[in-house]
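Accompanying notes for the structure given below.
Chain identifiers are assigned alphabetically (A, B, ...) following the order of the sequence lines, protein sequences preceding nucleic acid strands; residue numbering begins at 1 within each chain.
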There are 2 protein chains.
Amino acid sequence: MSSLNPELVRGSLDLMILSVLSDGAQYGYLIQQKLKAASGEMIELKAGTMYPILHRLESNKLVRCRWDESTGRRRKWYELTVAGKKHLKKRVGEWQAYVQCLQRILGPLVDPSPQPA
Amino acid sequence: MSSLNPELVRGSLDLMILSVLSDGAQYGYLIQQKLKAASGEMIELKAGTMYPILHRLESNKLVRCRWDESTGRRRKWYELTVAGKKHLKKRVGEWQAYVQCLQRILGPLVDPSPQPA
DNA sequence: CGCCAATAGATTGCCAGTCTATGTATTGCG
DNA sequence: CGCAATACATAGACTGGCAATCTATTGGCG
């Protein structure tokens, strides 16, 4: 699924999708492309992974969607709801707390020079 | 299991255990205590979660273990093997790559002031 | 014109892995 | 003496991603 450790990526798939959606409405295939680009080709979200997540987000009222059947190629546009935007903010906070916590646990194991020259 | 988002924590449980073990040999219960302390009480690793992981690490030859039955309270000491130390280093690198990647995806959503005053 | 690749959405079934619950036994304190 | 803490372990339930598969459209190439 990605050149990154899949176990790690697993826990933040919906965070990533939510994040991509924060740019505005997108349809599934677009989300895959954007995520791939935004991650520097590191993340390649498979359809069988993404759609269940999108459906889950929808049933949780975090995203809303609309079919566009105006062209032969039908597209389903997904968009963050107000609750979704709030949820995203919360999830970002959780992620930062997690990163800081793990950073602390790893302690001296992590190279303390993350800033690029 | 923790006050952190469990979904996120999930992917790094073995990383955390490996990290605690990098301090030297530990037995299961000690690992729980150390992890709890190192995480600022954020992570409370349950026995039913930890032991399967330890057994998996053992069968993967990443940790080696020895029973101490000298006291009535028997303890099983776990220690990193050479392969385990190498593996830990690799996993730390993967984790850093993951963090940077996600940081990039989240982009402007992350508060760009992580350093404490 | 026919075919294939890319685009676009979705589902099914499998499997890995964590969590809850439970079980056993020891030690020390009140 | 009983209970809480220490100490290890497993069984079964449940969640969730992934591979595989399906349908259909569009556009380009031979």
- request: Quick one: do Leu45(A) and Lys36(A) satisfy side-chain contact (heavy atoms from CB on, under 4.5 Å)? Show the steps, please.
  value: CA-CA 8 Å; Leu45(A) 191 58; Lys36(A) 189 175 169 186; over 6 Å; no

query: Quick one: does Thr81(B)'s side chain have a donor or acceptor within less than 3.5 Å of a partner on Leu62(B)'s backbone?
result: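 Checked: pair present.
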
task: Would you check if the side chain of Glu44(A) reaches a backbone N or O of Met42(A) as a donor-acceptor pair within less than 3.5 Å?
output: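 Not a single qualifying donor-acceptor pair exists.
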
task: Sugar-phosphate atoms are those with a prime plus P, OP1 and OP2; base atoms are the rest. Using that split, label each nucleotide of nucleotides 4-11 of chain C B, S or - for protein heavy atoms under 4.0 Å, 5' to 3'.
output: --BBSBBB

message: By nearest atom, which of the nucleotides dG16(D), dT18(C), dG17(D) is closest to the Glu7(B) side chain?
response: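 For Glu7(B), the side-chain atoms sit closest to dG16(D).
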
Would you mind reading off the distance between [X] atom [atom1] and [N] atom [atom2], rounded to a whole angstrom?
| X | N | atom1 | atom2 | answer |
| --- | --- | --- | --- | --- |
| Lys46(A) | dT12(C) | NZ | C1' | 18 Å |
| Lys36(B) | dA7(D) | NZ | P | 14 Å |
| Leu8(A) | dG17(C) | CG | C1' | 14 Å |
| Ile43(A) | dC18(D) | CD1 | C1' | 15 Å |
| Arg56(B) | dC15(C) | CZ | C1' | 13 Å |
| Glu44(A) | dC18(D) | CD | P | 12 Å |
| Glu58(B) | dC8(D) | CD | C1' | 13 Å |
| Arg10(B) | dG16(D) | CZ | C1' | 8 Å |

message: Can you confirm whether Arg104(B) is buried at CZ, in the sense that more than 12 heavy atoms of other residues, nucleotides or ligands lie under 6.0 Å from that atom?
response: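 Correct, the count exceeds 12.
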
message: Any salt bridge linking Glu7(A) with Arg10(B)? Criterion: basic side-chain nitrogen under 4.0 Å from a carboxylate oxygen.
response: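 Judged by the 4.0 Å cut-off on N to carboxylate O distance, Glu7(A) and Arg10(B) do not form a salt bridge.
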
query: What pairs with Glu94(A) under salt bridge (charged side-chain N to carboxylate O under 4.0 Å, His left out), at least two apart in sequence or on another chain?
result: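 Per chain and number, Glu94(A) pairs via salt bridge (charged side-chain N to carboxylate O under 4.0 Å, His left out) with Arg91(A).
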
